[in-house]
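Accompanying notes for the structure given below.
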2 protein chains.
Amino acid sequence: MKRAVRRRPRQEPGSKARLFAAAATAFAARGFAGANVDRIAEAAGVNKAMLYYHFKSKAGLYAEILRDMFESVAARLAATTPQTDPAERIRAMVEAIAREAEARPHFPAIWLREIAEGGAHVDKGTIAIIGGILQQVASAVHDGVAAKRFRPANPLLVQLGIVGPVLMFFATAPMRRRVPSQLHLATQLTTEQVIAHVQRVALLTLEGKAR
Amino acid sequence: MKRAVRRRPRQEPGSKARLFAAAATAFAARGFAGANVDRIAEAAGVNKAMLYYHFKSKAGLYAEILRDMFESVAARLAATTPQTDPAERIRAMVEAIAREAEARPHFPAIWLREIAEGGAHVDKGTIAIIGGILQQVASAVHDGVAAKRFRPANPLLVQLGIVGPVLMFFATAPMRRRVPSQLHLATQLTTEQVIAHVQRVALLTLEGKAR
DNA sequence: GTCTATAAATAGATAGAC
DNA sequence: GTCTATCTATTTATAGAC
């Protein structure tokens, strides 16, 4: 007869996942140095020692969040490859980045912080993933040029023009609430508007003949 | 006969200015929480106690750097007002922001971090200055529309489209050095190219009729 | 896998002499 | 204005019982 073996002593949706989620929020809000493992564990409703059991250190936990983040973006971008029309591909890439920022709310803030930090916490593997993201944008531009649909453009400028505004839009949301400006209070922007605008601007840059 | 009074016991270019500069660098590189007052004082070649003498705390020092930063941007933007031609004014504003980022190398990273932090360290007065910056962009757009030179556009989108790429360009410089991509190693971007590109894109957005 | 207790280091801040 | 010594709180991390 099968005995009722206790499988999981007390944790419900997996203490590891809970810690991961709480840490992502904390790192986004306060940065790597500013976040505090005691508070992360508390927010996760998990004992602090579990953090060191699942991840080997605060740095290890952070590195895992970074890798997960960039892996997801890279995957979402890779999924746009079937698009054979250059313009459609660019549109899909803009949307991919924006949707990812929506799906992982910690992602814009953490990315901005990591940029400011010069990638100090980014390990080798993650560096490669980030390089791959740049490569994907570059190849989309390159293909469009080869198909005589885009004029030659610096891929880095294209990337800055897409990622910059998108990240800023999501990341500045909390701050905009603090700046009492009738302007953007009156004109609430939606994710859809931002996507459409950045898509339009990116294509204006790539398809325009001027300059 | 005039006695040789000792005016300044031992400090050369003003210990306050030295601390300020060292702190700006440290906060840019490591963030508010990540920076360390001991190391700031050491980098400044000034005794740590002086930091508390000139500024009342680590937070006070940081707040002063923030205010100085946004004041400078606001001033540089205000200086573009004489431009009566709407397009020229936008061009001047783009250049103003980029030149400021060059003049104060700590400015892009700190701004990105403050965005990520939701403006947690920004005091009332500085909030007002930031609001003024947004206002200036908005009024430039508004004036252009009134003069029938621009089509109506959301000022926030315009701002994101300018500040996003410019900040990202400067702030990602250290990280780009770490990402081994043939792409942007082959195509080194200059500040001038970035300014020209962002100016062009901003005006394409504002002057274009398509939607 | 989970929890308590605690080690060990670091950081912000100040007192007080000069 | 400058410097030394130090206090105190906080924080990462681990040992070890269950």
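Here is the naming used below: chain letters follow the sequence lines, and residue numbers restart at 1 for every chain.
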Worksheet, complete the sentence: So ring-ring contact (aromatic ring centres under 6.0 Å, His included) across residues 33-56 of chain B, not counting sequence neighbours, yields none

Item to complete: Using atom CG of A:Leu51 as one end and atom C1' of C:dT2 as the other, report the distance to the nearest whole Å.
Response: 14 Å

Worksheet item: Can you list every pair that meets salt bridge (Lys or Arg N to Asp or Glu O under 4.0 Å) and has a residue in residues 121-144 of chain B, with sequence neighbours left out?
Response: B:Arg89-B:Asp143

Worksheet entry | Residue pairs passing the salt bridge (Lys or Arg N to Asp or Glu O under 4.0 Å) test where at least one lies in residues 158-168 of chain B, sequence neighbours excluded | none

Worksheet item: Which of residues 24-45 of chain A sit near DNA chain D, with a heavy atom under 4.0 Å from it?
Response: A:Ala35, A:Asn36, A:Val37, A:Asp38, A:Arg39

Discussion item. Once salt bridge (charged side-chain N to carboxylate O under 4.0 Å, His left out) is applied, do any residues pair with B:Glu42, and if so which ones, sequence neighbours excluded?
Written reply: none

Discussion item. So if I take every side-chain heavy atom of A:Tyr52 and compare against D:dT4, D:dT12, C:dT14, which nucleotide ends up nearest?
Written reply: D:dT12

Listed pairs under 3.5 Å, donor-acceptor, residues 161-170 of chain A side chains, sequence neighbours left out:
none

Worksheet entry | Separation of C:dT2 P from A:Tyr53 OH (nearest whole Å) | 8 Å

Worksheet item: Whole Å only: how far is the CZ atom of A:Arg18 from the C1' atom of C:dG1?
Response: 14 Å

Item to complete: Just jot down the side-chain hydrogen bond (donor to acceptor under 3.5 Å, both in side chains) partners of A:Thr191, sequence neighbours excluded, or say none.
Response: A:Glu102

Could you pull out every donor-acceptor pair under 3.5 Å between side chains of residues 23-41 of chain A and any protein atom, sequence neighbours left out?
| residue | atom | partner | partner atom | Å |
| --- | --- | --- | --- | --- |
| A:Thr25 | OG1 | A:Ala21 | O | 3.2 |
| A:Asn36 | OD1 | A:Asp38 | N | 2.7 |
| A:Asn36 | OD1 | A:Arg39 | N | 2.9 |
| A:Asp38 | OD1 | A:Lys48 | NZ | 3.4 |

Discussion item. Strictly by salt bridge (Lys or Arg N to Asp or Glu O under 4.0 Å), give each pair with a member in residues 62-72 of chain B just once, sequence neighbours left out.
Written reply: B:Lys16-B:Glu64, B:Arg67-B:Glu71, B:Asp68-B:Arg104

Could I get a table of every N or O pair under 3.5 Å where one atom is in the protein and the other is in nucleotides 5-7 of chain C?
none

Worksheet item: Got a sec, which residues hit ring pair (Phe, Tyr, Trp, His ring centres under 6.0 Å) with A:His106, two or more places apart in sequence or on another chain?
Response: none

Item to complete: Scan residues 55-66 of chain B against DNA chain D and write down, sorted by residue number, each residue with any heavy atom closer than 4.0 Å; if none is found, say none.
Response: none

Worksheet entry | Nearest-angstrom distance from the residue atom CE of B:Met50 to P of D:dT2 | 3 Å

